[in-house]
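What follows is a single structure, written as structure tokens, with notes after it.
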Amino acid sequence: LNKTSRSNTGVVGGLTTLEKPKFLFYVPYTKNFANLSAEFSLIDSKGEDFHRIKTELPAKPGIVSISLPETKSLKVGETYSWFYQVRCSTNSASIPVFVEGYIQRTNLNYSIAKQLSSTTDKQQKTIIYAEKGLWFDALNMLAQLRQSSNNTSLEADWQSLLNSVNLDKISTVPLVD
């Protein structure tokens, strides 16, 4: 990475009904890059650190997930800002490559809850979440299903979900630990 290059940034956001959603990020860098470091930050609506953690880069490029600790839960109605950044050097003045966005926890309204209770098919539930704008719920459930199954229709749903928000370039990237 070139220290003189400008940061690559993108702002995304969405809703969730989950207390502890997983945050998913595409990381093209691997731990083979000796000077790279990564950090996830979640800031509450008052601008205070809610959760901050340094993360290891994966062994191979892919989509990584970051979970909140047991002691932290998102509050209903509060909007949180999140940042995931990779520093190109151990020097804290180095220019980071990052993405940022927001997440807001909301209560599940009655009509959506009724639709969700009408099916036991988790794949169908992800479609309901996506259609109702509960992006993090759809993404979390579909990622979990994708990791536990080798179902081609799950792959198609995953690609469709990512394509719907212009993430088609990474829609075939694997989930990695």
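Along the sequence shown, residues are numbered consecutively beginning with 1.
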Give me the one residue out of T16, T79, L15 that meets side-chain contact (heavy atoms from CB on, under 4.5 Å) with I103.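 With I103 as partner, side-chain contact (heavy atoms from CB on, under 4.5 Å) holds for just one option, T16.
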Counting the benzene-type ring for Trp, do F136 and Y129 have ring centres under 6.0 Å apart?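 Not close enough - the centres of the two rings lie 6.0 Å or further apart.
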For the aromatic rings, using the six-membered ring if either is Trp, is the centroid distance between F25 and Y84 under 6.0 Å?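 Yes - the distance between ring centres of F25 and Y84 falls below the 6.0 Å cut-off.
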Side-chain touch Y26/V99, heavy atoms, less than 4.5 angstrom: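 Sidechains of V99 and Y26: no contact.
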Looking at N109, I'd like to know if its CG atom is crowded, meaning that more than 12 non-hydrogen atoms belonging to other residues, nucleotides or ligands lie closer than 6.0 Å.
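More than 12 within 6.0 Å, yes.
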| query | If you round to the nearest 0.5 Å, how far is CD of E100 from OG of S41? | reply |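 Going from the OG atom of S41 to the CD atom of E100 covers 11.0 Å.
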Interatomic distance, T126 atom OG1 to L145 atom CG [nearest 0.5 angstrom]
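Reported value, rounded in 0.5 Å steps: 6.5 Å.
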Do the rings of H51 and F40 sit parallel, tilted or perpendicular, given the 30° and 60° boundaries?
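Correct class here is tilted.
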Q.
Under a 3.5 Å distance rule, please check whether E78 uses its side chain to pair with a backbone N or O of S45 as donor and acceptor.
A.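 Confirmed, E78 side chain pairs with S45 backbone.
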Quiz item: Between L162 and I170, which heavy-atom pair has the shortest distance, and what is it?
Solution: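 What the structure gives for the nearest pair is CD1-O, 4.0 Å.
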### Message
Between Q123 and D157, do the side chains contain a donor N or O and an acceptor N or O under 3.5 Å apart?
### Response
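Side chains of D157 and Q123: pair found under 3.5 Å.
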Check: Between Q124 and T119, do the side chains contain an N or O donor and an N or O acceptor separated by less than 3.5 Å?
Finding: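 Distance-only check fails for Q124 and T119.
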